[in-house]
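Let me begin by presenting the structure, written as structure tokens, before commenting on it.
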Amino acid sequence: MANPLLLISYATIAGLWVSSQHISINYVVHVLLLVTAILYAACHGSLTLREEQAYARGETPDDHGASKDNDEITEGEAAYETLKASDAAFFPVMGSVSLFGLYSAFKYFDKDVVNLIISVYFCFMGCMAIAATLSPIVEGMGSKGGFLSTKFAIKKRISHPLPEFIAGSSPWKIDIEGNYADVLSFILGSVFCGVYFKSKHWTMNNVLVAKSLDGPIKILFPRSVIPDPTTGKLEMSLLGLGDIVIPGFFLALLLRFDAHNAKIPCFPTNVHVQFDKPYFHSALLGYVIGLGTTLYIMIVFEAAQPALLYLVPACLGSSLTCAFVRGEVKELFAYSEEEEESEELADDKKDKKKD
């Protein structure tokens, strides 16, 4: 059975994207509805990571009593990477270096060139996201086992002389697997990105997702559908993608924690599966309250606000409050998705090395 709230989220995203071009929507309502719908849909999409993490631990559908198609990945083939605590601890360092590099680029290089490079990068990532979204729909339009479902694989190994700390280990492994529905979806995404480069329309900026940074890395909300008579442009409010993505990581983690507590099987993955989601719902409510507070302060004091200043304590506070009420503080802090090999699996690997 489909999750009605997930379907409503998709409908809300599509409805707001179309209607906001023709009718005036209060931008506070627009921001809250759109961002909430995006987070709800994206976090449920992250449930597929539980299956990937199970493969990375060496588990198979047979271990969970689930059937598996012949073309599914088999035990020992999984190469999924999990975000570790050490990676998260290194985020502030990488973030600081990135921000300083961006500041230096705008200070010492031509602004238009920097914007072009950033736009190309994020358009490519947006193209990949569009392709991943459209591919299941395109594949479903064809017959089962037909041309669109035909799979292919490209595997390349490229050696390089650069140090490992700069370019990673050598050789680079380039593995591309997919079907022709993926190819067609990628072409459609490329066309979309091409139209964006030509028009720079604000609605396309939102799909691809600092005033001086002219790239698809923010979500824009029109305050009116009528252009300013002096400039000929729409007056916009914006929300940086970081204000959605960073809390979104946390909300998605809490949703998978809820699935873990509810003992939802990793195989097969079903994003529509129904289970209790107290931590996810409480944190999502906290996010809405934090974002609403940000907008209120911004409007009252007529000054832009760093949204994360309000979103971080709201999300953390709501999830911790939920844990205290449920008496699960220890379980919440103990939950981890880092790959942990079982003793049996580790012994098997040692035996293989000896052989």
Side-chain angles (χ1 to χ4, degrees), residues 1-4 6-18 37-38 40-56 60-61 66-75 77-81 120-157 172-199 201 203-209 216 245 248 252 265-273:
M1 179 179 177
N3 181 347
L6 185 56
L7 299 179
I8 291 173
S9 297
Y10 285 123
T12 300
I13 295 171
L16 288 173
W17 186 70
V18 174
I38 290 173
Y40 193 92
C43 289
H44 280 76
S46 78
L47 288 174
T48 57
L49 295 177
R50 300 184 70 240
E51 182 174 312
E52 297 178 358
Q53 290 156 2
Y55 276 127
T60 66
S67 61
K68 181 181 71 170
D69 296 333
N70 292 331
D71 58 355
E72 289 286 341
I73 190 169
T74 58
E75 182 178 1
E77 293 178 349
Y80 301 109
E81 293 187 5
V120 169
Y121 171 75
F122 279 100
C123 276
F124 176 75
M125 300 304 295
C127 179
M128 298 298 291
I130 293 172
T133 302
L134 293 180
S135 182
I137 300 174
V138 173
E139 185 176 0
M141 295 171 62
S143 59
K144 187 174 182 180
F147 174 75
L148 292 176
S149 301
T150 303
K151 295 184 178 294
F152 63 87
I154 301 174
K155 297 186 177 182
K156 297 288 185 181
R157 299 294 181 265
W172 288 329
K173 297 180 180 179
I174 302 177
D175 297 337
I176 302 176
E177 297 181 0
N179 54 34
Y180 289 104
D182 297 328
V183 176
L184 180 57
S185 300
F186 183 79
I187 294 174
L188 294 174
S190 300
V191 171
F192 189 96
C193 290
V195 175
Y196 167 76
F197 258 108
K198 182 69 175 178
S199 64
H201 196 276
T203 53
M204 291 186 170
N205 182 95
N206 287 357
V207 173
L208 294 172
V209 224
V245 173
C266 298
F267 303 99
T269 296
N270 179 10
V271 297
H272 292 281
V273 65

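Excluded from the calculations below are hydrogen atoms, water molecules and symmetry mates; all remaining heavy atoms, backbone and side chain alike, are included.
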Original post:
With sequence neighbours excluded, what pairs up with Phe124 under the ring pair (Phe, Tyr, Trp, His ring centres under 6.0 Å) test?
Top reply: none
Enumerate, atom names and distances included, each donor-acceptor pair closer than 3.5 Å involving a side-chain atom of residues 181-195, sequence neighbours excluded.
| from | atom 1 | to | atom 2 | distance (Å) |
| --- | --- | --- | --- | --- |
| Asp182 | OD1 | Ser135 | OG | 2.3 |
| Asp182 | OD2 | Asn179 | N | 3.0 |
| Ser185 | OG | Ser135 | N | 3.3 |
| Ser185 | OG | Ala181 | O | 2.8 |
| Ser190 | OG | Phe186 | O | 2.9 |

Original post:
Among all residues two or more places apart in sequence or in another chain, which pass the side-chain hydrogen bond (donor to acceptor under 3.5 Å, both in side chains) test with Asn270?
Top reply: none
Original post:
So how far is it from Arg157 CZ to Asp175 CG, rounded to the nearest 0.5 Å?
Top reply: 4.5 Å
Subject >> Nearest non-hydrogen partners of Ser149 and Glu139, listed with the distance >> reply: OG-OE2, 3.5 Å
Original post:
Is there side-chain contact between Lys155 and Glu177, with at least one heavy-atom pair below 4.5 Å?
Top reply: yes
Determine all donor-acceptor pairs shorter than 3.5 Å in which one atom belongs to a side chain in residues 6-16; sequence neighbours excluded.
| from | atom 1 | to | atom 2 | distance (Å) |
| --- | --- | --- | --- | --- |
| Ser9 | OG | Leu5 | O | 2.9 |
| Thr12 | OG1 | Ile8 | O | 2.7 |

**OP:** Kindly write out the residues that satisfy side-chain contact (heavy atoms from CB on, under 4.5 Å) with Thr48, not counting sequence neighbours, or none if the list is empty.
**Re:** Thr269, Val271
Original post:
Residues in side-chain contact (heavy atoms from CB on, under 4.5 Å) with Ser46, at least two apart?
Top reply: Leu49, Ala252, Arg256
